[in-house]
Amino acid sequence: MRIHLTSVFVDDQAKAEHFYTEVLGFVKKHDVPVGEGARWLTVVSPEDPDGPELLLEPAGHPAVKPYRDALMEDGIPLAQFAVDDVRAEYERLRGLGVHFTQDPLQMGPVTTAVFDDTCGNLIQIATKPQ
Amino acid sequence: MTAWTGKWGVAYAGGVADELFKALADPTRRTILDELTEKSGQTLFEICSRLSMRHRLGISRQGVSQHLAVLEAAGLVETRREGRYKFHDLNTAPLRQITERWPVPDTPKPEKSTS
């Protein structure tokens, strides 16, 4: 068994497409209309184009909002992406106007930071475990 | 009584001191204060991360929330909403109660905390 696809709910798919590609730097893998304006919209890392896809899923279900609001209030990220250098990525993203709820924090061998994806989620970046 | 204002002044002789000493009596709560001293303004998630990763304290998020509630009751932690997030700030002002009640001679520098 392999992890092929995982998802985050997004408030607005067009906005999410912009943020996840133009700002974060992922590339679009699939973009298929599935009716009522919704799209099967996935992105992958350019470093791993055949790797796991992230589905940017419409947040229409009524359970999504209270779930995400509660997690966001407590600063809990919904996904984690690996980067080579958290501090460099933090500076790059801040330069693009991204808001961080947790600045880079070194904890033993791991450094993490948490930012707002502007689509209703907090995302953690972390140095790759060696 | 000196320059105390607001709720601390009013509550000086009341139950606030009990809340303060209760809050300080627990090593985990003192560690939370240490981490907030390093950086004020942390989400619950960040506080939990620091406790587990830096201090190897295996406490649930609910447990940390309860510790924060005790610290908040003592006035040592204040919460601040900023947009959709909630941050915890350190407020050391209530600690003045201790040295005003039991004055200490001037010390060259504060001692490193030990839990």
Side-chain angles (χ1 to χ4, degrees), chain A residues 8-12 15-16 19 59 63-83 86-87 89-90 93-94 97-130, chain B residues 23 26-74 76-91 112-115:
Chain A
V8 290
F9 289 107
V10 296
D11 295 328
D12 179 314
K15 193 174 170 186
F19 186 85
V64 174
K65 183 174 160 47
Y67 163 70
R68 289 201 305 174
D69 285 352
L71 294 183
M72 186 165 272
E73 176 176 305
D74 284 341
I76 300 171
L78 282 167
Q80 187 193 74
F81 303 137
V83 296
V86 165
R87 198 161 286 278
E89 195 63 28
Y90 167 81
L93 292 174
R94 285 240 305 179
V98 174
H99 179 73
F100 278 77
T101 61
Q102 184 206 297
D103 292 339
L105 174 64
Q106 189 173 348
M107 298 175 289
V110 181
T111 301
T112 65
V114 179
F115 64 82
D116 189 323
D117 76 351
T118 72
C119 305
N121 307 294
L122 295 177
I123 302 292
Q124 184 174 61
I125 48 174
T127 45
K128 285 175 189 165
Q130 298 300 314
Chain B
D26 182 88
T28 299
R29 290 197 286 273
R30 293 196 296 271
T31 302
I32 292 173
L33 294 177
D34 289 340
E35 291 296 330
L36 287 172
T37 302
E38 184 185 294
K39 182 183 154 273
S40 195
Q42 295 181 34
T43 62
L44 175 63
F45 178 78
E46 180 169 357
I47 293 168
C48 291
S49 300
R50 285 168 177 254
L51 292 179
S52 66
M53 298 289 293
R54 287 188 161 175
H55 300 280
R56 302 287 164 204
L57 292 170
I59 310 167
S60 69
R61 240 169 228 147
Q62 288 83 351
V64 175
S65 280
Q66 285 167 6
H67 282 306
L68 286 169
V70 175
L71 290 167
E72 202 173 346
L76 293 168
V77 167
E78 292 177 344
T79 57
R80 161 172 57 89
R81 281 181 188 279
E82 198 180 300
R84 299 168 72 176
Y85 336 111
K86 188 166 89 176
F87 292 101
H88 300 81
D89 293 322
L90 178 70
N91 177 24
K112 181 90 180 146
S113 68
T114 52
S115 47

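In what follows, every chain begins at residue 1, and chains take the letters A, B, ... in the order their sequences are listed. None of these values were measured; they are calculated from a predicted model.
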Side-chain donor-acceptor contact under 3.5 Å, Asp116(A) with Tyr85(B): yes
Interface moiety of Ser49(B) toward chain A, non-hydrogen atoms closer than 4.5 Å: both
Min side-chain heavy-atom separation Thr43(B)-Glu73(A) under 4.5 Å: no
Residue part contacting chain B, namely of Gln124(A), when any heavy atom lies under 4.5 Å: side chain
Greater than 12 external heavy atoms within 6.0 Å of Tyr67(A)'s OH: no
Side chain proximity check, Thr101(A) to Glu82(B), heavy atoms < 4.5 angstrom: no
Side-chain heavy atoms of Arg84(B) within contact of Asp69(A), under 4.5 Å: yes
Separation of Ile76(A) CD1 from Glu46(B) CD (nearest 0.5 Å): 13.0 Å
Atom pair CE/NZ of Met72(A) and Lys86(B) - distance to nearest 0.5 Å: 15.0 Å
Residue pair Asp74(A) / Phe45(B), side-chain heavy-atom distance below 4.5 Å: no
Leu105(A)/Arg54(B) under side chain to side chain contact (heavy atoms under 4.5 Å, CB included): CA gap, chis, key distance, verdict: CA-CA 10 Å; Leu105(A) 174 64; Arg54(B) 287 188 161 175; 3.4 Å; yes
Residue Arg81(B) versus chain A: region with a heavy atom under 4.5 Å: side chain
Atom CZ of Arg80(B): over 12 foreign heavy atoms under 6.0 Å: yes
Most contacts with chain A, counted as non-hydrogen pairs under 4.5 angstrom, among Gln42(B), Arg50(B), Lys39(B): Arg50(B)
Under 4.5 Å from any heavy atom of chain B - which part of Leu71(A): neither
Atom pair CD1 (Ile47(B)) and CD (Gln102(A)), whose distance is rounded to the nearest 0.5 Å: 10.5 Å
